[in-house]
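This one's a predicted model, so the numbers in the text were calculated from it and none came from an experiment. Chain letters run A, B, ... following the sequence lines, proteins first, then strands; residues in each count from 1.
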There are 2 protein chains.
Amino acid sequence: MFESRGRIMTDNNRRQADIPAGASPIPKMPGTAPGLYCPIGDKVIYAVPGVPYEMREMMEHFILPNLQERSGERTVIRSRVLRTWGNSESGLAEVLADSIDQLDKIGSPTLAFLASGIEGIKVRITAKANEEAAAFDILAKEETLLRELLGDIVFGVDDETIETVVLDKLRAKNMTLTVGESLTGGVMSSRLSSVDPEMNIFKGAIISDGPPRGRIGMDRAIYAARHAHEIYGTDVSVAAVAPDPSESQPRGTVYLGIIIGHKEFSDKVALPGDRNRLRNYAVISLMNFCRKLLS
Amino acid sequence: MFESRGRIMTDNNRRQADIPAGASPIPKMPGTAPGLYCPIGDKVIYAVPGVPYEMREMMEHFILPNLQERSGERTVIRSRVLRTWGNSESGLAEVLADSIDQLDKIGSPTLAFLASGIEGIKVRITAKANEEAAAFDILAKEETLLRELLGDIVFGVDDETIETVVLDKLRAKNMTLTVGESLTGGVMSSRLSSVDPEMNIFKGAIISDGPPRGRIGMDRAIYAARHAHEIYGTDVSVAAVAPDPSESQPRGTVYLGIIIGHKEFSDKVALPGDRNRLRNYAVISLMNFCRKLLS
């Protein structure tokens, strides 16, 4: 491992490989630092590295399953997350108020809201039952009910993100995508290329300081999308841009532009947050707009 | 606030504005949810929103300073972080072993290593003294000593990141920068545009699926850098690319290419991690290479 990376194994690395008597290493180590499983009588001490990524991997794949197995617990708890964009957390709570009151009386399933910033707002349904099938049944029924109440703002479930949802839709339609990025400065591309590293659907992007002066209003977003469209020749091109300084639009105004084939679509949104959060909100707003147009 | 964003203030939002008798709101609220300062006798209860960003802002700017003031503590603890790239955490510990042993005997300052993944490895010096000036004096002496031992791998101090360091160097030389991104797929651009939102130095990027087949070895990185260079006409262009599949290079191999004026520079590195971590390691390796060339 060290040799293949052209690095020297230091005494420190060697010391990390020591294992106390009676303990065993936790399998599936993502880094060089080991995790340890140390049974002491009928108790267990788990030791994990401090590096967050390594620690998390071991927690998820070894320690939590191991604890559950040791606990002998029979109750099954399963949850499902509906991911939404287009309403605030308090707005969602309002829409679902009656539903929540009813569930609170019954006790199961329970609902929780998780505002996840750049990933939208999550509504988590948690069901408790004696068997997995029964838990999934509760989840499915509640999901149907929630979708009726929430409508089009639900963009995905569980691990789906707005970028996987949009890329899946494009894949199903055999379409490709490019991005004109100025306000979002690479955030959109990095999110898309992270889930499509082979760049089968997401073909590329032009990152620049924005449309030329003189372009104003939603035409700015269309200009940026068309520019990427002409260079890459893909089926769909999208862009989120800030207003021209001459427009004196309020802070947080973002124009969205989407080109699908020969058709042009644009929208204007008002987003909160400092610049970095605004960039990510712009990305999710733009991708959500694209999702709706592709539906 | 709600009006300006075209949103409706819900009953929930209204309820959030209630303040219990005797409590006062924490100033500087980043969102709509308030924080509360509630003195009870000679104790205080602080209430903060669950949204991590809002909670952190209030902790840092109100609660921690308030706690320190209330504690009447006289000892001053100050720390400084040296940020490095180019050696492993255990390698650094080895280089600094003697220094750490000596400090452990004296008790101050103390050293800690923080592997921060995409931000490199941090060496934190912490000094305790009766007065701020004395603490800073200890930090300055230790920093000088560490820099002698660590040499060129120290790229920045405290809040400096590899991107702020590179952009500062370019600004000082009145130079501009573009990026050819394929492997890094927008990650480099989003990091650069995040610290240079006006795009005064970082002028843009071309994101694509990589150099054409036939280009192999370090020439691939030079090709990608030159492509961005020609389109944007900036002083400096950089690119980090994966090997062509035909090269059968080991996993984690990354080629770095940099063009400064008419000169071309290239390098090859072996990086660990899954694809997303590898992309960020490629960004820091490329920017660190650029930093050294600009020094």
Side-chain angles (χ1 to χ4, degrees), chain A residues 1 4-13 15-16 30-32 50-53 88-91 93-94 97 115 117 178-179 181-194 197-199 202-210 232 250 252 269-277 279, chain B residues 1 4-13 15-16 30-32 50-53 88-91 93-94 97 115 117 179 181-194 196-199 202-210 232 250 252 269-277 279:
Chain A
M1 181 167 191
S4 71
R5 295 194 198 144
R7 286 208 164 149
I8 294 156
M9 188 192 269
T10 64
D11 284 351
N12 250 325
N13 292 133
R15 213 155 34 235
Q16 285 185 334
T32 62
V51 180
Y53 172 78
S88 65
E89 191 181 344
S90 43
E94 200 103 329
T178 46
V179 186
E181 295 213 57
S182 53
L183 169 69
T184 51
V187 176
M188 177 115 179
S189 295
S190 65
R191 287 174 64 172
L192 288 167
S193 64
S194 167
E198 308 298 329
M199 299 185 84
F202 168 57
K203 288 298 179 187
I206 300 291
I207 297 178
S208 74
D209 59 0
Y232 291 94
V269 289
L271 301 172
D274 56 28
R275 191 177 166 96
N276 273 323
R277 289 196 302 148
R279 281 156 34 120
Chain B
M1 180 167 194
S4 72
R5 295 193 197 144
R7 286 208 166 150
I8 294 156
M9 187 190 269
T10 63
D11 284 350
N12 250 326
N13 292 134
R15 215 154 35 233
Q16 285 185 338
T32 61
V51 180
Y53 171 80
S88 65
E89 191 181 345
S90 43
E94 199 103 331
V179 185
E181 296 211 57
S182 54
L183 170 68
T184 50
V187 177
M188 178 116 178
S189 295
S190 66
R191 287 173 65 170
L192 288 166
S193 64
S194 167
D196 182 20
E198 307 297 330
M199 300 188 82
F202 167 58
K203 288 297 181 190
I206 300 290
I207 297 178
S208 73
D209 60 358
Y232 289 95
V269 290
L271 301 173
D274 55 29
R275 189 174 168 101
N276 273 323
R277 289 197 301 149
R279 280 157 34 121

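By the salt bridge (Lys or Arg N to Asp or Glu O under 4.0 Å) test, B/R191 pairs with B/E163, sequence neighbours left out. In this view, A/D209 satisfies the side chain to side chain donor-acceptor pair (under 3.5 Å) rule with no residue, not counting sequence neighbours.
Only the side chain of B/D274 has a heavy atom closer than 4.5 Å to any heavy atom of chain A.
The residue among A/S208, A/G185, A/G204 with the most heavy atom pairs within less than 4.5 Å of chain B is A/G185. Counting heavy-atom pairs closer than 4.5 Å to chain B, the top-ranked of the candidates A/S189, A/P52, A/A205 is A/A205.
Nearest heavy-atom pair, B/R279 versus A/S190, reported as atom, atom and distance to 0.1 Å: NH2-O, 2.9 Å. Contact between B/Y232 and A/I207 at its shortest, heavy atoms only, is OH-O, 2.7 Å.
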task: I would like to know whether B/E181 and A/S193 meet side chain to side chain contact (heavy atoms under 4.5 Å, CB included); could you show each step before the answer?
output: CA-CA 11 Å; B/E181 296 211 57; A/S193 64; over 6 Å; no

